[in-house]
Protein chains: 2
Amino acid sequence: MERSSTTPGGSARREATRQKLYEAAVTLIAEQGFSATTVDEIAERAGVAKGTVYYNFASKSVLFEELLRHGVGLLTASLREAAEKTAGEGGSRVDALDAMIRAGLVFIDRYPAFTQLYVAELWRTNRAWQSTLMVVRQQAVAVVEGVLREGVANGEFSEEIDVPLTAAALVGMVLVAALDWKSFQPERSLDDVHAALSRLLQGRVSGR
Amino acid sequence: MERSSTTPGGSARREATRQKLYEAAVTLIAEQGFSATTVDEIAERAGVAKGTVYYNFASKSVLFEELLRHGVGLLTASLREAAEKTAGEGGSRVDALDAMIRAGLVFIDRYPAFTQLYVAELWRTNRAWQSTLMVVRQQAVAVVEGVLREGVANGEFSEEIDVPLTAAALVGMVLVAALDWKSFQPERSLDDVHAALSRLLQGRVSGR
DNA sequence: GTTTTTGCACTGACCAGTCAGTTCAAAAGA
DNA sequence: TCTTTTGAACTGACTGGTCAGTGCAAAAAC
């Protein structure tokens with residue numbers, strides 16, 4: 001009997017094949033895009049028969065959709081943790097933003113293929129997983145927006161900032177810088193990249 | 001007789017059909033991705049026979065590649081113009097960056113579909129048009145890097161900034177903010193968005 | 001009279017999804 | 001302990017459809 005593919009309660013075996021399929025799919029789709037990646041390729045790279053893909057996921061789209069949910073979930077948790085940690089330590093909201101930048105970089109460092117694929121899909125319209133994507137995106141961005149709002153509330157940030165737009169800009173800054181890092185100067189250290197972005201965040205670009 | 005599809009010297013008529021094909025392709029590919037978009041669809045939307053597509057372009061890939069070249073060329077020219085104009089007016093390099101942010105926003109406002117498609121392809125590897133894309137990307141980013149270097153040279157920016165990384169981060173900031181603007185709050189004015197990003201650029205976020 | 005476009009039939013490769021059958025570990029039965 | 005049964009998990013050949021690209025004669029545009 002088939003089981004709903006929305007995760008929980010699967011056997012350990014099943015969960016393991018799912019994981020293998022995610023890993024295979026993420027790199028292939030990051031490189032080639034969703035439509036150019038065949039189910040046969042995914043199965044082959046995962047070391048599994050094609051039928052197994054369909055035993056575990058209702059369709060190619062569903063596999064992809066769950067992959068998105070899974071990945072963005074990890075990112076959101078990581079951002080939230082970074083924000084809460086600095087709050088617990090009594091750090092300023094700028095410190096929280098800085099910690100989140102680092103968390104973002106760590107994530108992208110660990111899952112570059114996922115990040116790539118996420119960016120490639122995010123602003124597309126009319127795709128099957130569009131609504132799923134909106135939901136998870138909003139969860140992640142909301143963490144950044146939350147910190148900005150706290151900063152405005154306690155006077156640390158100007159009341160004139162546009163919270164959603166500034167959040168998007170900050171995310172973009174980290175995203176694009178990190179993807180360029182991974183693509184074009186992968187030998188650089190995370191600390192190095194983090195330092196450059198910190199500087200930009202704190203307006204220590206102009207002046208000396 | 002077939003003609004090389006690398007543009008110049010085409011008749012006005014031919015150039016017009018090419019343009020129609022670009023416009024049709026850009027929206028379709030932005031929405032669906034390259035592989036999911038069929039040549040038949042492109043031809044239909046352009047109001048042209050399928051054979052005409054192949055009379056004008058050697059293949060689907062070549063059509064797309066020329067589209068990329070064309071679009072990024074427009075962007076680069078626009079950025080360069082913005083940078084040179086403020087230089088001519090004796091503005092500071094921060095002013096130049098600000099003018100380029102505006103130029104970027106204007107571009108994205110006018111060609112949202114192209115921008116979307118460009119972002120979706122930029123960090124992919126192993127695609128046919130990969131090398132073309134690297135070249136045009138570098139042309140555009142180089143304009144930003146140039147302004148940053150001038151700023152460092154004349155003491156306006158810290159010598160410690162990492163030019164390529166900061167350039168990437170700035171591009172990312174504008175790109176993501178603008179795509180979010182177009183996708184989620186399209187009613188806002190360009191000036192509004194520009195003001196928010198200016199503030200961020202000039203470090204007027206923290207403090208009041 | 002040359003270039004460009006049209007319309008349309010055709011091909012061959014490719015691919016998402018299906019399904020009848022296999023495997024095997026663990027439960028039930030002896 | 002050994003045997004049988006069960007069913008979840010997996011397999012891979014197969015199908016039906018799709019799509020990039022071709023070929024070509026006739027029309028339209030220049």
When you check the phosphate oxygens OP1 and OP2 of [N], does a side-chain N or O of [X] lie under 4.0 Å from one of them?
{"X": "B:Thr38", "N": "D:dC19", "answer": "no"}
{"X": "A:Tyr55", "N": "D:dA9", "answer": "yes"}
{"X": "A:Thr52", "N": "D:dA9", "answer": "no"}
{"X": "B:Thr17", "N": "C:dT5", "answer": "yes"}

Whole angstrom is fine here: how far is it from [atom1] in [X] over to [atom2] in [N]?
{"X": "B:Lys60", "N": "D:dT18", "atom1": "NZ", "atom2": "P", "result": "16 Å"}
{"X": "A:Arg14", "N": "D:dG7", "atom1": "CZ", "atom2": "C1'", "result": "13 Å"}
{"X": "A:Tyr54", "N": "D:dA9", "atom1": "OH", "atom2": "C1'", "result": "17 Å"}
{"X": "B:Phe57", "N": "D:dT22", "atom1": "CZ", "atom2": "P", "result": "15 Å"}
{"X": "A:Leu28", "N": "C:dC15", "atom1": "CG", "atom2": "C1'", "result": "15 Å"}
{"X": "B:Glu15", "N": "D:dC30", "atom1": "CD", "atom2": "C1'", "result": "16 Å"}
{"X": "A:Glu44", "N": "C:dC15", "atom1": "CD", "atom2": "C1'", "result": "14 Å"}
{"X": "A:Ile42", "N": "C:dG17", "atom1": "CD1", "atom2": "C1'", "result": "13 Å"}

Base, sugar-phosphate, or nothing: which does [X] touch, judged by heavy atoms less than 4.0 Å apart?
{"X": "A:Lys50", "value": "base"}
{"X": "B:Thr37", "value": "sugar-phosphate"}
{"X": "A:Val53", "value": "nothing"}

Measuring from the side chain of [X] (C-beta onward, heavy atoms only), which nucleotide among [options] has the closest atom?
{"X": "A:Val39", "options": "D:dG21, C:dT6, C:dA16", "value": "C:dA16"}
{"X": "B:Asp40", "options": "D:dC10, C:dT5, D:dA20", "value": "D:dA20"}
{"X": "A:Val48", "options": "C:dG17, D:dT11, D:dC10", "value": "D:dT11"}

Result for 5'-nearest mapping on DNA chain C, choosing between A:Gly51 and B:Gly51, is B:Gly51
Assert: residue with more 5' nearest nucleotide on DNA chain C, out of B:Gly47 and A:Ala36, is B:Gly47
**Report entry** Residues B:Lys85 and B:Asp95 bridged, charged N to O under 4.0 Å
**Finding:** no
task: Indicate the ring-plane relationship of B:Trp129 and B:Phe64, choosing parallel, tilted or perpendicular according to the 30° and 60° boundaries.
output: perpendicular
Between A:Phe107 and A:Phe114, what is the ring plane arrangement, given parallel below 30°, perpendicular above 60°, and tilted in between? perpendicular
Scanning both residues in full, the closest heavy-atom pair of B:Ala140 with B:Leu79 reads O-CD1, 4.0 Å
TODO: Answer yes or no: are there more than 12 heavy-atom neighbours, outside A:Gln130 itself, under 6.0 Å from its atom CD?
DONE: yes
